[in-house]
There are 2 protein chains.
Amino acid sequence: MRPLFHPALEDIRPEAILYALSDPERVAIYAQLAGASGGGTCSALAQLGDRVIPKSSLSNHFKVLRESGLILSERQGIEMHNQTRCAELDERFPGLIKAILLAYAQIPGQPKVG
Amino acid sequence: MRPLFHPALEDIRPEAILYALSDPERVAIYAQLAGASGGGTCSALAQLGDRVIPKSSLSNHFKVLRESGLILSERQGIEMHNQTRCAELDERFPGLIKAILLAYAQIPGQPKVG
DNA sequence: ATCAACAGTTCCGAATTTCTGAACTACGGA
DNA sequence: TCCGTAGTTCAGAAATTCGGAACTGTTGAT
């Protein structure tokens with residue numbers, strides 16, 4: 001298993017952020033991470049609403065989020081702990097993440113961030 | 001030629017907005033429209049930076065922008081006039097468009113909105 | 001040490017999407 | 001009517017996404 005790649009703050013690109021968050025499933029995952037205080041593991045997020053996300057798809061979602069710079073993933077023993085990089089990101093792209101989550105929160109059935 | 005579809009304000013979805021603006025070429029087009037006072041035609045935007053965008057691609061970009069709710073297109077005689085729906089959009093998704101354009105403006109070589 | 005269970009990743013083929021040249025439609029002017 | 005211009009649609013090639021199956025790496029039990 002290759003080491004996990006995380007872009008440096010200055011290498012994060014807006015198109016990658018927007019692409020990553022243009023998928024409602026990924027937004028739901030991200031919003032969970034942003035809201036949850038505990039470390040969000042993949043399997044803890046395998047079910048969102050009524051759909052069970054296949055684990056290869058889930059793994060790919062996390063990869064997209066990670067490589068876009070939205071989240072930080074860290075292996076802790078058997079499982080993977082994920083957290084958002086929202087503080088850093090807000091420094092680089094002020095107001096962006098907040099506005100995006102707010103936009104999704106307007107839509108019924110979409111996640112509200114904690 | 002089919003009539004052009006524009007979503008009603010309440011039908012505009014954040015994922016469509018983010019997807020549309022996750023392509024730097026489309027962002028450049030959108031930023032031009034947002035900045036330009038005159039009606040932006042397709043052909044006026046065919047060249048961005050050093051790349052000449054094929055007209056079928058350009059037409060598709062405009063379609064994506066239009067159907068996501070970002071722009072309003074109106075045929076005026078032989079050409080098409082496009083304008084942003086930013087005022088409406090800001091009402092529905094406060095701060096979103098501004099934050100996105102600001103994010104892109106951080107990147108050297110990306111368009112600054114007028 | 002070996003084994004089994006578990007969390008997550010990688011692989012790869014199928015399905016979908018994107019890209020763009022070529023053909024086409026629509027409008028306006030001569 | 002015929003031509004030129006602006007933009008759309010079509011269609012095939014290329015690229016991307018999806019997800020089941022196989023795999024890797026870690027922990028705990030025997």
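Naming: A, B, ... by sequence-line order, numbering from 1 per chain.
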Can any side-chain N or O of B:Y30 pair as donor or acceptor with the backbone N or O of B:A20 at less than 3.5 Å? no
D:dG19, OP1 or OP2 - any side-chain N/O from A:S57 closer than 4.0 Å? yes
Between B:H81 (NE2) and D:dT5 (P), how many Å, whole number? 17 Å
Residues joined to B:V64 in its hydrophobic cluster, side chain to side chain under 4.5 Å directly or through other members, sorted by chain and number, are B:Y19
Please figure out whether B:S56 or A:R26 has its closest DNA chain D nucleotide nearer the 5' end. B:S56
Taking N or O atoms only and anything under 3.5 Å, show me the protein contacts with nucleotides 26-30 of chain D, one pair per line.
none

Would you kindly give the CG-to-C1' distance between A:N60 and C:dT10, to the nearest whole Å? 11 Å
Partners passing side chain to side chain donor-acceptor pair (under 3.5 Å) against A:S73 (at least two apart in sequence or in another chain): A:R66, A:N82
Spacing of B:I53 atom CD1 relative to C:dT18 atom C1', expressed in whole Å: 14 Å
Taking the nucleotide of DNA chain D with the closest heavy atom to each, which residue, B:L58 or A:H61, is nearer the 5' end? B:L58
Just the rounded figure in Å: distance from C1' of C:dT16 to CG of A:D23. 14 Å
Between CZ of B:F62 and P of C:dT20 the distance, given in whole Å, is 16 Å
Please pick, from C:dG21, D:dG7, C:dT18, the nucleotide with the shortest atom-to-atom distance to any side-chain atom of B:P54. C:dG21
Enumerate, atom names and distances included, each donor-acceptor pair closer than 3.5 Å involving a side-chain atom of residues 84-98 of chain A, sequence neighbours excluded.
unit_1 : atom_1 : unit_2 : atom_2 : d
A:R85  : NE     : A:E88  : OE1    : 2.8
A:R85  : NH1    : A:P7   : O      : 2.9
A:R85  : NH2    : A:P7   : O      : 3.1
A:R85  : NH2    : A:E88  : OE2    : 3.1
A:D90  : OD1    : A:G95  : N      : 2.9
A:R92  : NE     : A:L9   : O      : 2.9
A:R92  : NE     : A:I12  : O      : 3.4
A:R92  : NH2    : A:E10  : O      : 3.3
A:R92  : NH2    : A:I12  : O      : 3.2

Rounded to whole Å, please give me the gap between CD in B:E74 and P in C:dA26. 19 Å
Send over the distance from B:F5 CZ to D:dT8 C1', rounded to a whole Å. 18 Å
Got a donor-acceptor contact below 3.5 angstrom from the B:Y104 side chain to the B:L21 backbone? yes
Among D:dT9, C:dA7, C:dT9, the nucleotide that comes nearest once only the side chain of A:E79 is considered: C:dA7
Apart from B:I78 itself, what residues make up its hydrophobic cluster when side-chain heavy atoms of I, L, V, M, F, W and Y under 4.5 Å apart count as a link, directly or indirectly? none
Taking CG from A:L4 and P from D:dG25, how many angstroms apart are they, rounded to a whole number? 13 Å
Restricting to pairs with a member in residues 50-62 of chain B, which pass salt bridge (charged side-chain N to carboxylate O under 4.0 Å, His left out), not counting sequence neighbours? B:E25-B:R51
Per atom distances to the A:K55 side chain, the nearest of C:dC19, D:dT8, C:dT9 is C:dT9
Nearest listed nucleotide, side chain of B:R51, among D:dC18, D:dT9, C:dT20: C:dT20
